[in-house]
Trainee: 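Input: one structure, supplied below.
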Amino acid sequence: MKSIGILTSGGDAPGMNACIRAVVRYALDKDMRVYGIERGYAGLIGGNIEEMNRRSVSDIIQRGGTILKTARCKEFTTMDGMKKAAYNMKVFGVDGLVVIGGDGSFRGAKEFYDNFGIPSAGIPGTIDNDLAYTDYTLGFDTAVNTVLSAINNLRDTMTSHDLANIVEVMGRHCGDIALFAGLAGGAEIILIPEKQINEEEICENIKLNQAKGKLSNIIILAEGAGNAEALQNTIIEKTGVQIRTTRLGHIQRGGTPSMADRILAARFAVRAVDLLFDDKDKKVNKVVGIKNNKIIDEDYATALAKTNKGHEDLYNVAKILCT
Ligand code: F6P
């Protein structure tokens, strides 16, 4: 394949810009033409497509967000929307796509291939780390480091006042941000959607910690695991402990990407471009990922069917270390 388009879709994630830069420069080095598509699939439907060169991606490796902008596009889930997008690809002479996004973006790419035969290589870009086929998604490491920095700040003031704090983090239905930040940040209690919340047990643990002289507790709550306000009220009612709630929100989605995310961006980009470059029959319909520190690729259907993240061991270690 000689001509590719690149788009970012769904929630943005730190490292997307580093990945766009790597895709553009690596593909140009292979004498491919690269087109930037604005606002994800919406830009493909609307024809917001522009050829990129090495200078188009200057000075972005360190920036969060995405220079291509991003969107969640309902129209692309319709046959009519996909038809317009396929037409624009023909008009601009774009043979295949690099899609940086999460599971919704990949489902869109798969439908696009199934219905219109448009090949693509997906790169997992989401802070949530909610794709089971890959150990890590782009942006997750940076987001966890942002949460860790917040936990450090909160600990200073919580310890000074002997207070507890519920720190609510993002992740949709996945508890990885909470689990990794909780383990790395020494949280006393980690609440994730993959594990049933037991309020009695939480209150009991807080009381036990108090009896041991641990007067300040950090409780990290994944947004998909429960309601922070309700939990705060229950804890106050059942333990009498003074507790505050901090919702980190979109702060987790921005910021300069970590070293790990920048390296991952480059490694993902190289595999995605290679897949398209080698695709003589225009049949690529795959996502890239990382397993045991090796870059992998898999069909969208196989990758998206996987559900088990398998972090039981980390959860159990965190439970032992936090007491
Ligand atoms: O998927 C990324 C994410 O930040 C999730 O963690 C969160 O649930 C969601 O997006 C928030 O979406 P929005 O910015 O549309 O509120």
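Keep in mind it's a predicted model, so treat the numbers as computed, not measured. In what follows, every heavy atom counts, from backbone to side chain, and hydrogens, waters and symmetry copies are set aside. Both counts, for ligands and for their atoms, begin at 1 and track the order of listing.
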Trainee: State, with a plain yes or no, whether a side-chain heavy atom of Ile202 is found less than 4.5 Å away from one of Leu191.
Mentor: yes
Trainee: Treat each ILVMFWY residue as a node, draw an edge where side-chain heavy atoms are under 4.5 Å apart, and state whether Ile100 and Phe106 are in one component.
Mentor: no
Trainee: Check if Gly102 has a non-hydrogen atom at a distance under 4.0 Å from any atom of ligand 1.
Mentor: no
Trainee: Look at the side chain of Tyr41 and the backbone N and O of Ser105, then say whether any donor-acceptor pair between them is shorter than 3.5 Å.
Mentor: yes
Trainee: Is there side-chain contact between Ser56 and Val24, with heavy atoms separated by less than 4.5 Å?
Mentor: no
Trainee: Look at the aromatic rings of Phe140 and Phe180 and report parallel, tilted or perpendicular, splitting at 30° and 60°.
Mentor: perpendicular
Trainee: Quick one: nearest non-hydrogen protein atom to atom 6 (O) of ligand 1, plus distance?
Mentor: Asp128 OD1, 2.7 Å
Trainee: By number and element, which atoms of ligand 1 are closer than 4.0 Å to a non-hydrogen atom of His250?
Mentor: 13 (P), 14 (O), 16 (O)
Trainee: Looking at Arg25 and Arg54, would you say the former's side chain and the latter's main chain have a donor-acceptor pair under 3.5 Å?
Mentor: yes
Trainee: Would you mind telling me if ligand 1 is within reach of the side chain of Arg72, the backbone, both or neither, using heavy atoms under 4.0 Å?
Mentor: side chain
Trainee: With only distance considered, is Met170 within less than 3.5 Å of ligand 1 through an N or O on each side?
Mentor: no
Trainee: To which protein heavy atom is atom 10 (O) of ligand 1 closest, and what is the distance rounded to 0.1 Å?
Mentor: Arg253 NH1, 3.1 Å
Trainee: Between His173, Glu223, Gln252, which one has a non-hydrogen atom sitting closest to atom 8 (O) of ligand 1?
Mentor: Glu223
